[in-house]
Visitor: 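Pasting in a structure now, in structure tokens, and then I'll have a few things to ask.
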Number of protein chains: 2
Amino acid sequence: MSAPEVTLDLIRAARERIAPYVRRTPLLDSELLSARYGTRLEFKCENLQYGGSFKSRGAVNAVFSLSTEELKGGVVAHSSGNHGTAVARAAWLRGVRAQIVMPENSSPAKLEAVRGYGGEVHLCAPTLAARAEGARRIVAECGAAFVHPYDDPRVIAGQGTLALELLEQLPELELLLCPISGGGLASGLAIAARALRPGLRVIGVEPAVADDAQRSLRSGVLAPQPSGPATIADGLRGALSERTFALLRAHVDDIVTVSEAGIVEAMRELWQELHVIVEPSSAVPYAALLERAVEPRGARTAVVLTGGNVALDQLPWQ
Amino acid sequence: MSAPEVTLDLIRAARERIAPYVRRTPLLDSELLSARYGTRLEFKCENLQYGGSFKSRGAVNAVFSLSTEELKGGVVAHSSGNHGTAVARAAWLRGVRAQIVMPENSSPAKLEAVRGYGGEVHLCAPTLAARAEGARRIVAECGAAFVHPYDDPRVIAGQGTLALELLEQLPELELLLCPISGGGLASGLAIAARALRPGLRVIGVEPAVADDAQRSLRSGVLAPQPSGPATIADGLRGALSERTFALLRAHVDDIVTVSEAGIVEAMRELWQELHVIVEPSSAVPYAALLERAVEPRGARTAVVLTGGNVALDQLPWQ
């Protein structure tokens, strides 16, 4: 597979490709939260995306970029959840088989979501190495096409379509906050947003206990993620790749971290004030406002709410 | 106060009046639920409305219909919650005092929401009579303008704006489901929807244990609501008035009822599949699909999700 550079043109082509299959998600403001933070604060609700997360954008772009010939063994992905659901859904839309390798400690809601779209789940040990190995075996045995959760220009370009949509909804945007895991979303967003609006600040947020991206960007050397970081944000346990590290260095303004208690409090506030369900990973960028790790100082601010797949019997504040 | 008939023109005027102060709420479909019910099923998300419910429409219309002179004693409302929040918010927007009489068993989330917009809460016994008496006293003492939760053409017209918006979003709509309490929402919706699209079916849904509307429409005689009906749907404990009874007889196709277990199951499914927070009252119309009290038979169907104010520590399935 060739690896084109991720450009605004690639992101625009992705948007055209995925348009029939993804939702233009709503942008919600909150009167009470805007008053509290002294700026108009808006939330881009990718938790209301099909499949329950922004991952549908990249997955649909990747799967619909493949030829019928390339898809004859179906597709395979490894994922802690939302990318798996998104790939299962994209395969369902395309009418091909999907096999998803998931860690055995994945949340039940995420397992159900993958199966809901007809995806076949293969459980593995909860390490990045075990996930990758499980996917490699399926590629070898079935000739399935592998869709990486972030280290793939097609996936990054798909996630970047979110920024095109957001800037149409909010052309005056000045500050954009998103979570960082493998860096695919932040890369795609930042490339698109800053190409269209050079003065826009893009800040990535990650749990303090899974801070490989912050350490990497501050040291200038790709730092590993601790294996199985103990964060409630189960979608943010991934690690940057060389590709996303380079893209983040080039396009993201800063990376800040938040505490586990802040993530839970942020999640609860978003449920209460916005009346939408966000999973812990989705609450991470808002937690940066709550913990004053980012100060909007009057800048028009948007927070990406990345996903809403939560096990409703295990709410973290109970 | 004169009591104009509620017409399409009155609803259109309301829409123009309230447009700067209410959100055009998103319409969300669900791939999985559509597949299950054999039709394209869409959800009009008034739980994402400012103040957390559709009540903002009627309250803003009523409060902004009043003159400065009429507002000099502020406004007063009685409410189990969402109407109170909506009136408090409308008064805040207009810059006048709001006093809200609420039953002492109101959910903490609803009390907080009223206070969040600066409303003054007066607790009373949990009966309709006590609520009405509390409001009368405040009118007498403060000269406050009373905003009834539903027995008021301005409020009904405001709620009807929801149908104008919905039919722009979904012109091919054939079947519309909404909850019934006092009948203001159902009346407004049905008047607007059927004036614009005569073949459209409008079905109201209420808890079987709070079925005054069904009994009234079936018998042709306004039936009382049992005092303090034991339904989890705390927003649906109101009773029809002579006005809303007459409007429902003229404009609504049918009223069906659902069980308490069905309401809880519906609420949980909506949280899981749509990733939005709906309160029990909001889940009532979807429960009618779940319990097969309504069969869409391929008709393009929309369900109004009326509100999202829930105490997050007291989820009914836990």
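Everything numeric in this text was worked out from a predicted model, so none of it was measured. A note on names: the letters A, B, ... follow the listed sequences, proteins ahead of strands, and every chain is numbered from 1.
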Visitor: So for A:Arg89, is it side chain, backbone, both, or neither that comes closer than 4.5 Å to the heavy atoms of chain B?
Guide: side chain
Visitor: Return yes if a side-chain donor-acceptor contact under 3.5 Å exists between B:Tyr117 and A:Glu31, otherwise no.
Guide: yes
Visitor: Using modelled atom types and a 3.5 Å cut-off, is there a donor and acceptor pairing between side-chain atoms of B:Glu42 and backbone atoms of B:Ser30?
Guide: no
Visitor: Pick whichever of A:Ile277, A:Val276, A:Leu274 has the most heavy-atom pairs under 4.5 Å with chain B.
Guide: A:Ile277
Visitor: Ion pair present between B:Arg36 and B:Glu269, side-chain N to carboxylate O less than 4.0 angstrom?
Guide: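 B:Glu269 and B:Arg36: salt-bridged.
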Visitor: For B:Leu32, which atoms come within 4.5 Å of any heavy atom of chain A: side chain, backbone, both, or neither?
Guide: side chain
Visitor: Please determine if B:Glu46 and B:Arg23 form a salt bridge, counting it only when a charged side-chain N lies under 4.0 Å from a carboxylate O.
Guide: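 So B:Glu46 does not pair with B:Arg23 through a salt bridge.
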Visitor: Applying a criterion of heavy atom separation less than 4.5 Å, what residues of residues 50-62 of chain A form contacts with chain B?
Guide: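 Within residues 50-62 of chain A, the residues that come under 4.5 Å of chain B (heavy atoms only) are A:Tyr50, A:Gly52.
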Visitor: Below 4.5 Å, heavy atoms only, C-beta onward: do B:Leu123 and B:Leu111 meet side chain to side chain?
Guide: yes
Visitor: Which heavy-atom pair separates B:Gly262 from B:Leu290 by the least distance, and what is that distance?
Guide: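 Scanning both residues, the minimum pair turns out to be O-CD2, 3.9 Å.
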Visitor: For the side chain of B:His275 and the backbone of A:Asn47, is there at least one donor-acceptor N/O pair under 3.5 Å apart?
Guide: yes
Visitor: Does a sphere of radius 6.0 Å around CD in B:Glu16 hold more than 12 heavy atoms from other residues, nucleotides or ligands, not counting ones at 6.0 Å or beyond?
Guide: no
Visitor: Side chain from CB out, backbone as N, CA, C, O: work out which of these in A:Val310 comes under 4.5 Å of a heavy atom of chain B, or both, or neither.
Guide: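 Contact with chain B is through the backbone of A:Val310 alone.
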